[in-house]
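The block underneath contains the structure these notes are about, expressed in structure tokens.
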Amino acid sequence: MISLLGIPYDGSSSYLKGPALAPARIRRALHCSSSNLSIENGMSLDEVGLIEDLGDLELPPGPEHRREISNAITSILDEGKKSLVLGGDHSISYSILRAYAKRFDVLNVIQFDAHPDLYDELDGDKYSHACPFARLMEEFPHVSLTQIGIRTMNAHCQAQADRFGVRVFEMKDLPAPSILDLAGPVYISLDLDVLDPAFAPGISHHEPGGLSVREVLSYIHQVKNTIVGADVVELNPTRDRNDQTAMVAAKFVKELAGQMAQNGF
Ligand code: MN
Ligand code: MN
């Protein structure tokens, strides 16, 4: 069983607010009568036993929100379920993955992103949405991190990637078809800005030269490992056009759920 959970948080966004509005918009896109709940592998999101919607997490103000997120994810894992989170800015993935890293002795994180998100700190904030994977890799050296679609690498983040042993597949070097050859369970963190802004204008940081929707889907469909959890983050509805990006996020939710189910619970 997959537990769908909204985390309406954008307090750690460095440039623009907006992702706190995203979970409701992704749900609305999922249930929009312009489409249906079919998944490309033949399943359907409304199949009995596939998914339960836990609604949105209520977050306390201040740093306690991080513990609240980790606790909510731990509760889902305690029930033998998998979390599929609707963000929220990317800072939330650190709190989600803390729960996973404590649970799994082997954990492969695949991060789709235009940005490495490996800053030691940004604007004085160590928990910025530019930092979650630095915090994760510092605290949990046993986690393996593979990044796909990066196109903003700078010297600091490259040094951080080297320090943490991160496998980085920059946009300029794609496609690299063997990159998903990982051993053990996989967690997928999907920052929508990995897409070219032409496909997904509703994000805070427009980085030209990104992946297409179909290319990201191809990567997801290639994963043969058990997928133990996923998140779709950084939708910013204040920048979207006619819910175009919300529909893309909803598409990813369906296909991630389908791949999670297909690879075994
Ligand atoms: Mn990110
Ligand atoms: Mn990003």
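Atoms within a ligand are numbered from 1 in the order they appear, just like the ligands themselves.
Shown are His206, His205, His129; of these, the ring-ring contact (aromatic ring centres under 6.0 Å, His included) with Tyr15 is made only by His205.
For Glu79, the salt bridge (charged side-chain N to carboxylate O under 4.0 Å, His left out) criterion is met by Lys81, not counting sequence neighbours. Listed by chain and residue number, Ala198, Phe199 satisfy the side-chain contact (heavy atoms from CB on, under 4.5 Å) test with Asp196 (two or more places apart in sequence, or in another chain).
By the criterion of side-chain heavy atoms lying less than 4.5 angstrom apart, applied directly or through intervening Ile, Leu, Val, Met, Phe, Trp or Tyr residues, Leu30 is not grouped with Met247; the two fall into different hydrophobic clusters.
The list of ring-ring contact (aromatic ring centres under 6.0 Å, His included) pairs with a residue in residues 137-163, not counting sequence neighbours, reads Tyr119-His156.
The backbone N or O of Leu118 lies less than 3.5 Å from a partner atom in the side chain of Gln160, making a donor-acceptor pair.
Protein N/O/S atoms closer than 2.8 Å to the Mn ion (ligand 2): Asp113 OD1, His115 ND1, Asp191 OD2, Asp193 OD1, Asp193 OD2.
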